[in-house]
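Comments concern the structure below.
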Protein chains: 2
Amino acid sequence: MYGMKDIFDTVKSNRISENIVHQIRGAILRGELKIGDRLPSEKDLAMKFGVSKSSLREAYRVLEAYGLLEIKQGMSGGAFVKKVDLKTIKDGLVNYFFFQNPSIREYTQIRTFIEPEVVKICALKITDKDIDYLKNNISEMEKEVDGEKFMSDLDCAFHKKIVDITENTVISLIVESVQTALINVKRMLQMNHAFLMMVCDGHKKIVGALSERDPDKASKEMLKHIIEVETGMLACKNGDMVLTETGILKPDTGS
Amino acid sequence: MYGMKDIFDTVKSNRISENIVHQIRGAILRGELKIGDRLPSEKDLAMKFGVSKSSLREAYRVLEAYGLLEIKQGMSGGAFVKKVDLKTIKDGLVNYFFFQNPSIREYTQIRTFIEPEVVKICALKITDKDIDYLKNNISEMEKEVDGEKFMSDLDCAFHKKIVDITENTVISLIVESVQTALINVKRMLQMNHAFLMMVCDGHKKIVGALSERDPDKASKEMLKHIIEVETGMLACKNGDMVLTETGILKPDTGS
DNA sequence: ATATTTTTAAACATCTGATATTTAAAATAT
DNA sequence: ATATTTTAAATATCAGATGTTTAAAAATAT
């Protein structure tokens, strides 16, 4: 008998709500319930399942937390099957990374693997309209070199735009998520004016290479930019420092 | 006034439970609540917040769905702050990818960016014990070339082991998640014996290169393996086919 | 007829309070 | 000491009442 332990999940809960969550999620993932479908009202479905309203409500809440349902109040309201959106996933990753607390190096490493390749593809597919968008993004950024909060959004939007041009939903998800997580790290650091100028400059060079439709040049500029950002972030905190659970920066005393 | 819309999130709900979720999640993410901390009992906290038990219960349920809390019944039970685990994230991604329904190409592309680089690092850090583990994994796999279900787990474990050697939590998360998502696609296809043999063969060559501590060779073998798997999967479904919402394979009529 | 306002009903949101079940610890018996 | 039983704290579930939201229907005014 080959490792039975690997086949079955350990049963830990017999909660009614979990059972219902499992059934409804299963129905969605099997395609029996489609986007926009309206589930029965709490009262009706509770009756049908033979459980109390509260148990059913909890199930609906969990499914809503998963991003699988949208629950609307009022007449012709109810629970509707919904496409899971990126925000749900990103929020989950923020929660995950909070405890994982990856180093700047860890974030940078994955970026150096993906984004230089992404921009290569991008150089071959990019349109003039896309280039205008990116150029506009940079000018907006230059106007805002003092407002870090706006910068973060523009920085995200820049990298998001580039990755979206590849039309690969998996890569988009990953790049955007890493970007979001990194922004959260940046927020903790006090980025100075020089850093923000450096970011703008890097973006300009990338767009320059993209305008020339030069994949290799774009790739090199992207790699340089990512490394520069890492260096800048590390410099923003003299010595090795880590983000602690209290959100305060303190020296990394090693593990 | 620079684009106010970008600063504030649109307020959509005034639900009590959501407010509580927001507060508790915030306290965790600010580090005011740490792993293992026990929150007050439902009754007590409901009193403290001045809300009903049911509203508080819903909040606890949602936080549990996020993976931030573990709720235990019985004496000295209650709600405990918990590190978000990988399963929570993976399940979320399964939900997300179900609707996104990426093509095999999209999965393969990201793999070709990451895993050949990962295995390079791996070649420099791998220990003899790690190699034994990988070799053992392959022999297990060879024993099971007929039991596809077991194969999937072993296949995942193989790639997981390699990525874990890099000691980069961000990359591990991504590789494992893509792997899991891909396994779900594979499950829908009827993988034949030849395919499974090919996987084993690819793994053997990768481990061979790793044993020699040859990063470039390992990288090339990994890339070859990934492309072979893609080709094999595409071959498993004559013509271009997609995973539909009903879980059935049908010809991709293009978009 | 058209536009505005009011009413209405369906559905979720919240509250109250009771009962059942689970579980670890404390008490008891062996 | 060990095994068993009891107990108490906490969640799980249920039932039913009341409040709030919301879109559609009805009534009203223009």
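Letters A, B, ... mirror the listed sequences (proteins, then strands); counts begin at 1. Computed from heavy atoms alone, side chains included, the values below leave out hydrogens, waters and symmetry copies.
In terms of phosphate contacts, B/Arg38 brings a side-chain nitrogen or oxygen within less than 4.0 Å of OP1 or OP2 of D/dA10. The side chain of B/Arg15 places no N or O atom within less than 4.0 Å of a non-bridging phosphate oxygen (OP1 or OP2) of C/dC12. At the phosphate of C/dA13, OP1 or OP2 sits under 4.0 Å from a side-chain N or O atom of A/Arg57. Contact between the side-chain N/O atoms of A/Ser55 and the OP1/OP2 oxygens of D/dC14 is found at a separation under 4.0 Å. For the OP1/OP2 pair of C/dC15 and a distance below 4.0 Å, the side-chain nitrogens and oxygens of B/Ser52 include at least one atom meeting the criterion.
Within the nucleic acid shown, B/Lys53 comes within 4.0 Å of at least one base atom, counting heavy atoms only. Residue-level contact check: A/Ser54 touches the bases, meaning some heavy atom is under 4.0 Å from a base atom.
If you measure from atom CD of B/Glu42 to atom P of D/dT11, you get 5 Å, rounded to the nearest angstrom. Whole-Å rounding puts the B/Leu39 CG to D/dA10 C1' distance at 14 Å. Atoms CG (B/Asp44) and C1' (D/dA8) sit 14 Å apart, rounded to a whole Å. If you measure from atom CZ of B/Phe80 to atom P of C/dT23, you get 13 Å, rounded to the nearest angstrom. Remark: C1' of C/dC12 and CG of A/Leu69 are 14 Å apart, rounded to the nearest angstrom. The interatomic distance linking A/Leu56 (CG) with D/dA15 (C1') rounds to 15 Å, in whole Å. Distance, B/Arg61 CZ to D/dA12 C1': 8 Å, rounded to whole Å. Atom pair A/Glu58:CD and D/dT13:P shows a separation of 7 Å (rounding to whole Å applied).
Using a cutoff of 4.0 Å between basic side-chain nitrogens and carboxylate oxygens, A/Asp44 and A/Lys48 are not scored as salt-bridged. A salt bridge does not link A/Glu58 with A/Arg61: none of the charged nitrogens is closer than 4.0 Å to a carboxylate oxygen.
Nearest-nucleotide mapping onto DNA chain C: of A/Met75 and A/Glu64, the residue sitting toward the 5' end is A/Met75. Closest-nucleotide positions on DNA chain D for A/Ser76 and A/Ile16 were compared, and the one nearer the 5' end corresponds to A/Ile16.
Side-chain atoms of A/Asp85 and A/Thr88 include a donor-acceptor pair closer than 3.5 Å. For the residue pair B/Thr127 / B/Asp130, a side-chain donor-acceptor distance below 3.5 Å is found, with atom types taken as modelled. Neither side chain, B/Arg105 nor A/Asn168, offers a donor N or O lying under 3.5 Å from an acceptor on the other.
In a base pair of the Watson-Crick type (N1 to N3 plus N6-O4 or O6-N4) or a G-U wobble (N1-O2 and O6-N3), with each distance short of 3.5 Å, C/dA24 is matched with D/dT7.
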